[in-house]
Structure formats: structure tokens, C-alpha cells
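Some notes on the structure that comes next.
Bear in mind the structure is a predicted one, so any value in this text is a computation, not a measurement. No hydrogens, no waters, no symmetry mates; every other heavy atom, side chains included, goes into these values.
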Amino acid sequence: MIKVGVSGLSSVKAFPAHPSLFLMSFLNGSIGVLDVIHRKMEFLSSPGHSETIFDCAFSPGNPNLLASGSYDGYVKLWNVATGE
């Protein structure tokens, strides 16, 4: 068991290029990247959506770029390297 945040999870996605990394979206509108081998969060955003995130994905061309879509009507792009 790994504690990954203070909010409930809404989705978990594997990253095929890096099998130890999982992209997670949380009910509070934030996203994170978990490294299951090292049992730590590699990235955890502050809440960026005002509603629940219904989907998230890694960019196939840039492993530092993530996208999240929310019931608030927005798609947000996140840069893991900069935290923005």
C-alpha cells in the first residue's frame, strides 16, 4: 500500500514507455505521477480544476507533458519538469 495524496483518486493510467510510472487524477482537481518502484510521488500538482478530473494522459511525444480533462469544461496541460 502506498499513500498518494489527501484526496480520493478519480483515475489511474499506466505510462507504457515507463512501466514504473502511473498518472493519477484526484477528486480535488489535481494530478500526480507515482513511481511504484521507488514508492514516491514524482510529481503532484496543486488543484488546477474546479471539478473532478474525468480523464488524464501522458503525451506520447514528450514524457514531461501531461493533459487532464475535467467536468469544469477545461483541458489543462501540465509540465512535470517545471511543475506548471
Side-chain angles (χ1 to χ4, degrees):
M1 196 164 11
I2 303 169
K3 176 82 170 160
V4 295
V6 297
S7 178
L9 284 170
S10 61
S11 71
V12 177
K13 300 274 179 106
F15 185 34
H18 297 281
S20 68
L21 298 181
F22 287 85
L23 175 58
M24 299 176 294
S25 62
F26 297 96
L27 295 176
N28 70 351
S30 63
I31 64 170
V33 176
L34 173 69
D35 182 333
V36 294
I37 293 189
H38 296 105
R39 300 177 58 95
K40 69 175 192 163
M41 295 297 292
E42 293 292 330
F43 172 76
L44 183 60
S45 75
S46 58
H49 289 282
S50 60
E51 297 286 336
T52 300
I53 295 169
F54 60 82
D55 202 8
C56 55
F58 285 98
S59 167
N62 181 349
N64 286 322
L65 189 62
L66 312 173
S68 59
S70 168
Y71 289 109
D72 63 10
Y74 290 96
V75 172
K76 297 212 176 205
L77 299 178
W78 308 83
N79 187 321
V80 174
T82 64
E84 298 176 348

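In terms of hydrophobic clustering, with Ile, Leu, Val, Met, Phe, Trp and Tyr side chains grouped at heavy-atom distances under 4.5 Å, F43 and L21 are assigned to a common cluster. In the hydrophobic clustering of ILVMFWY residues, with side-chain heavy atoms under 4.5 Å counting as a link, V12 and L34 come out together. Under the 4.5 Å side-chain heavy-atom criterion for grouping Ile, Leu, Val, Met, Phe, Trp and Tyr, F26 is connected to F22 within one hydrophobic cluster. Under the 4.5 Å side-chain heavy-atom criterion for Ile, Leu, Val, Met, Phe, Trp and Tyr, L23 and L44 are members of distinct hydrophobic clusters. The cluster map of Ile, Leu, Val, Met, Phe, Trp and Tyr, joined by side-chain heavy atoms under 4.5 Å apart, puts V80 and I31 in the same cluster.
In this structure, the side chains of C56 and S11 come closer than 4.5 Å at one or more pairs of heavy atoms.
Sorted by first and then second residue, the salt bridge (charged side-chain N to carboxylate O under 4.0 Å, His left out) pairs involving residues 56-65 (not counting sequence neighbours) form an empty list. Within the structure, the salt bridge (charged side-chain N to carboxylate O under 4.0 Å, His left out) test picks out the following pairs touching residues 55-65 (sequence neighbours left out): K13-D55. Residue pairs satisfying the salt bridge (charged side-chain N to carboxylate O under 4.0 Å, His left out) criterion with at least one member in residues 57-70, sequence neighbours excluded, are absent. Among residue pairs with one or both ends in residues 60-84, those qualifying as ring-ring contact (aromatic ring centres under 6.0 Å, His included) are F54-Y71; sequence neighbours excluded.
With sequence neighbours excluded, the residues satisfying ring-ring contact (aromatic ring centres under 6.0 Å, His included) with F58 are F15. Taking the side-chain contact (heavy atoms from CB on, under 4.5 Å) definition, one finds that S20 meets it with D35, V36, I37, sequence neighbours left out.
Pairing each heavy atom of S70 with each of H49, the nearest pair is CB-ND1, 3.1 Å. The shortest heavy-atom contact between S50 and D72 is N-OD2, 3.0 Å.
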Between S25 and S10, is the side-chain hydrogen bond (donor to acceptor under 3.5 Å, both in side chains) condition met? List the steps.
CA-CA 5 Å; S25 62; S10 61; 2.7 Å; yes
